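FYI, the numbering just counts along the sequence from 1. No experiment lies behind these values; they were computed from the predicted model shown.
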Amino acid sequence: MAFLLGALGLFAAEVEVKPSTKPATPTPAPVPLPKYRPAVMGLGPNAVINRIDTKELMANGQKDGSVMFCCSVNKTGEIMHTWTYRGTPETTLLERELVKRLDESVFIPAIYNNNPVHVLFFGTVTFAVVNGKPRLRIFANQEAEELKKESNFVGPQPFVGRDSKFEGLHFPEIAGEVVSGLVELAIKIDADGNMQELRVVSEDPPLLGFRRAAAEDFRVARFIPAFRDGKPVECSITLPVYYEP
């Protein structure tokens, strides 16, 4: 072995190394992150839209319907938790399939001030059988008019981070029976994600602390602004906030 190493060393010393005449390939500059970008579902194999088995849903008897959902999306696009609510009648199969596939999916993460952030994503899934074929749509908002038009609108997303005091949802302390709650917030968000107005529209069930919890959770929040056709815009929406024990 010593001889082999010595021979190799001698060989290396005697060989003349000529400089390469081929120009070096420049290292591509990293693509800068945008100032704002909402969390979105994407279109790849890990996207939830490509994981839901629509043929099986139809075969099992799923009728036309819709389900609203909210999911916690971390900085890498992984889903940390999912809540479903306001499902139309007979959408249990759709709801179960949605939650199952979201657990396996990865989103394109949100960006605020050029940095990835952890956000709440508010969406709606719709299912219909059209001409004997299943039709699935997933929208990144929960606005009735936007859903009706099937517009390219992504609702504002509250985020956790140094530029926002939002810390997520805090379930209120309720004496006695443990129940879920739903609060509707009328909010106005400018094109930079700043909250301009906040008003509680309704709470269900009433008088159990959900109204106060939602107001306190969101009054300090900053948002990824709403996006329409790929551009940040000001918006006024009614946001359903679901509290689950």
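- Arg222 contributes atom CZ, which lies 10.5 Å from atom CD1 of Ile189 (distance to the nearest 0.5 angstrom).
- Listed for the Glu197 side chain is no donor-acceptor partner under 3.5 Å among the backbone atoms of Lys188.
- Taking 4.5 Å as the limit, every side-chain heavy atom of Ser164 sits out of range of all side-chain heavy atoms of Pro158.
- Following chains of ILVMFWY side-chain contacts shorter than 4.5 Å, one can reach Leu93 starting from Leu102, so the two form part of one hydrophobic cluster.
- Panel note: side chain Glu244, backbone Ser180; no donor-acceptor pair is recorded below 3.5 Å.
- Here the CG-CG distance, from Asn194 to Asp192, works out to 6.0 Å after rounding to the nearest 0.5 Å.
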For a quick test of your reading: what N or O donor-acceptor pairs under 3.5 Å do the side chains of residues 226-236 make, sequence neighbours left out?
unit_1 : atom_1 : unit_2 : atom_2 : d
Arg228 : NH1    : Glu146 : OE1    : 3.2
Arg228 : NH2    : Glu146 : OE2    : 2.7

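- Val40 belongs to a hydrophobic cluster whose other members, connected by ILVMFWY side-chain contacts under 4.5 Å either directly or through intermediates, are Ile108.
- Legend: residues meeting salt bridge (Lys or Arg N to Asp or Glu O under 4.0 Å) with Arg199, ordered by chain and number and at least two apart, are absent.
- A 4.5 Å side-chain heavy-atom check between Phe223 and Met195 finds at least one atom pair inside the cut-off.
- Under the ring-ring contact (aromatic ring centres under 6.0 Å, His included) criterion, Phe107 pairs with Phe121, sequence neighbours left out.
- Checking side-chain atoms of Glu143 against main-chain N and O of Phe153 turns up no donor-acceptor pair under 3.5 Å.
- We find the CD1-CG distance between Ile187 and Leu239 to be 5.0 Å, quoted to the nearest 0.5 Å.
- Under a 3.5 Å cut-off, the side chain of Thr124 and the backbone N or O of Asn141 do form a donor-acceptor pair.
- Judged as a salt bridge (charged side-chain N to carboxylate O under 4.0 Å, His left out), the pairs with a partner in residues 48-73 (not counting sequence neighbours) are, in order, Arg51-Glu104.
- For Met58, the side-chain contact (heavy atoms from CB on, under 4.5 Å) partners two or more places apart in sequence, or in a different chain, are Phe127, Val129, Pro134.
- Listed by chain and number, the residues in a side-chain contact (heavy atoms from CB on, under 4.5 Å) with Asn114 are Lys35 (sequence neighbours excluded).
- Listed by chain and residue number, Arg135, Arg137, Phe139 satisfy the side-chain contact (heavy atoms from CB on, under 4.5 Å) test with Glu150 (two or more places apart in sequence, or in another chain).
- Sorted by first and then second residue, the salt bridge (charged side-chain N to carboxylate O under 4.0 Å, His left out) pairs involving residues 72-99 (not counting sequence neighbours) are Arg86-Glu184, Glu97-Arg101.
- Screening residues 121-133 for salt bridge (charged side-chain N to carboxylate O under 4.0 Å, His left out), with sequence neighbours left out, gives no hits.
- Proximity of the aromatic rings of Tyr36 and Tyr112 is defined here by a centroid distance below 6.0 angstrom, and this criterion is met.
- By the side-chain contact (heavy atoms from CB on, under 4.5 Å) test, Ile49 is found to be paired with Ala47, Leu136, Ile138, residues two or more places apart in sequence or in another chain being considered.
- Between Leu33 and Asn115, the closest side-chain pair of non-hydrogen atoms is not below 4.5 Å.
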Show which side-chain atoms of residues 208-218 pair as donor or acceptor with protein atoms under 3.5 Å away, not counting sequence neighbours.
unit_1 : atom_1 : unit_2 : atom_2 : d
Arg212 : NE     : Glu216 : OE2    : 3.0
Asp217 : OD1    : His170 : ND1    : 2.8
Asp217 : OD2    : His170 : N      : 2.9
Asp217 : OD2    : Tyr243 : OH     : 2.7

